[in-house]
Amino acid sequence: GGTVYDSHFIGNTCWGYGGGVASSTLHRCIIEGSLTTHEAAGAYGCTLIDCRLHHNRTPAYAGGASQCVLERCIVADNVAEGAGGIAESTANACAIYRNVGGGASQCSLDHCIVAWNEGGGCRWGTCSNSIVWNNIAETNANVYSVDCSYTCTTPLPTGPGNIDVDPGLASFTHIQIDSPCIGAGIASGSAGDVDGESWAASPAIGCDEVVVGAVTGPISLLIVSSTL
């Protein structure tokens with residue numbers, strides 16, 4: 001237990017719960033390459049803020065995290081028999097991608113991107129202001145038995161504010177400047193997006209609020225010529 005800042009947990013092994021860390025609060029930490037024979041290869045029963053969990057593995061349940069609270073975290077490339085990303089957790093402004101065994105199971109997600117997970121995107125739980133897209137499974141590839149609202153996924157689920165158009169992802173964590181998800185969400189009290197920027201009054205769907213800044217100062221032009 002305890003609180004940890006700016007640390008790197010790598011290659012830990014556990015025969016119980018939480019291969020990397022358990023029952024702790026972590027800020028700006030990396031948890032990678034951990035292994036457990038039971039639940040939660042990366043983190044178990046933790047609060048994770050601005051953390052990265054990747055390449056953790058378990059033959060059981062929850063490759064990345066279980067029974068955790070995640071804020072502005074990246075959960076990627078984890079492997080589990082069930083719920084390769086996160087399970088039984090609350091996630092806000094997180095990106096959950098490329099996990100094997102599924103993205104999120106029995107979770108409460110707000111302002112998240114869940115994409116390119118093998119074994120499905122979201123199973124059970126709730127999903128709001130989120131993008132669940134391009135996940136892989138034999139059936140119900142993106143969502144299964146999930147209470148969705150203001151979420152971009154396909155096929156279109158029942159619930160308020162849901163859309164089923166291409167979200168225009170620029171990366172695993174960000175949307176393009178012309179994404180249809182901009183302004184399509186609903187205010188939920190989430191502290192900020194994956195970059196720590198404030199949400200607009202009508203926020204974007206996903207973990208990224210597109211902020212277009214003003215450009216000031218002189219413009220310089222450089223012309224380079226070449227001769228053959």
Side-chain angles (χ1 to χ4, degrees), residues 61-62 64-76 78 80 82-176 179-194 199-210:
Y61 186 57
S66 179
Q67 298 191 33
C68 291
V69 175
L70 300 94
E71 297 274 353
R72 299 184 302 276
C73 291
I74 306 297
V75 183
N78 302 285
I86 63 174
E88 301 174 28
S89 297
T90 298
N92 296 301
C94 294
I96 303 165
Y97 60 87
R98 260 184 356 214
N99 300 285
V100 176
S105 177
Q106 301 182 70
C107 293
S108 175
L109 307 180
D110 186 44
H111 281 298
C112 290
I113 293 178
V114 183
W116 292 284
N117 296 285
E118 182 179 335
C122 297
R123 297 290 185 265
W124 306 285
T126 63
C127 189
S128 61
N129 290 316
S130 294
I131 297 171
V132 187
W133 201 260
N134 276 347
N135 297 284
I136 303 167
E138 291 185 4
T139 59
N140 305 116
N142 286 315
V143 297
Y144 174 74
S145 193
V146 177
D147 184 4
C148 293
S149 60
Y150 298 89
T151 287
C152 179
T153 190
T154 186
L156 183 68
T158 59
N162 295 317
I163 58 176
D164 62 351
V165 296
D166 189 321
L169 292 170
S171 67
F172 292 118
T173 55
H174 292 77
I175 56 177
Q176 298 173 14
S179 168
C181 293
I182 295 173
I186 188 170
S188 62
S190 179
D193 77 353
V194 70
W199 294 107
S202 295
I205 290 175
C207 63
D208 170 39
E209 183 66 66
V210 175

For [X] versus [Y], what's the shortest heavy-atom pair and its separation?
X	Y	value
Cys181	Pro167	SG-CB, 3.7 Å
Ala137	Arg123	CB-NH2, 3.7 Å
Cys122	Leu109	SG-CD1, 3.5 Å
Ala83	Tyr61	CB-CE1, 3.8 Å

Ignoring hydrogens and geometry, is there a side-chain-to-backbone donor-acceptor pair from [X] to [Y] under 3.5 Å?
X	Y	result
Gln106	Ala87	no
Asp193	Glu209	yes
Ser130	Cys112	yes
Asn78	Gly85	no
Asn142	Thr154	yes

[X] vs [Y] side-chain heavy atoms within contact, under 4.5 Å:
X	Y	result
Ser128	Tyr150	no
Ser89	Cys107	yes
Cys127	Val132	yes
Val210	Ser179	no
Tyr97	Leu169	no
Ile175	Ile131	yes
Thr153	Asn162	no
Ile205	Thr151	no

Quick check for you: to the nearest 0.5 Å, what is the distance between [X] atom [atom1] and [Y] atom [atom2]?
X	Y	atom1	atom2	result
Ile96	Cys73	CD1	SG	9.5 Å
Cys207	Arg72	SG	CZ	11.5 Å
Arg98	Asn135	CZ	CG	13.0 Å

Aromatic ring pairing Trp199/His111, orientation class (parallel under 30°, perpendicular over 60°, tilted between): parallel

Passing option when Asn99 is tested against Val114, Asn117, Ile86 for side chain to side chain contact (heavy atoms under 4.5 Å, CB included): Asn117

Pair Ser149-Ile186, side-chain contact (heavy atoms from CB on, under 4.5 Å): steps then yes or no: CA-CA 9 Å; Ser149 60; Ile186 188 170; 5.9 Å; no

From CA spacing to verdict: side-chain contact (heavy atoms from CB on, under 4.5 Å), Thr173, Asp208: CA-CA 7 Å; Thr173 55; Asp208 170 39; over 6 Å; no

Over 12 foreign heavy atoms within 6.0 Å of CZ, Phe172: yes

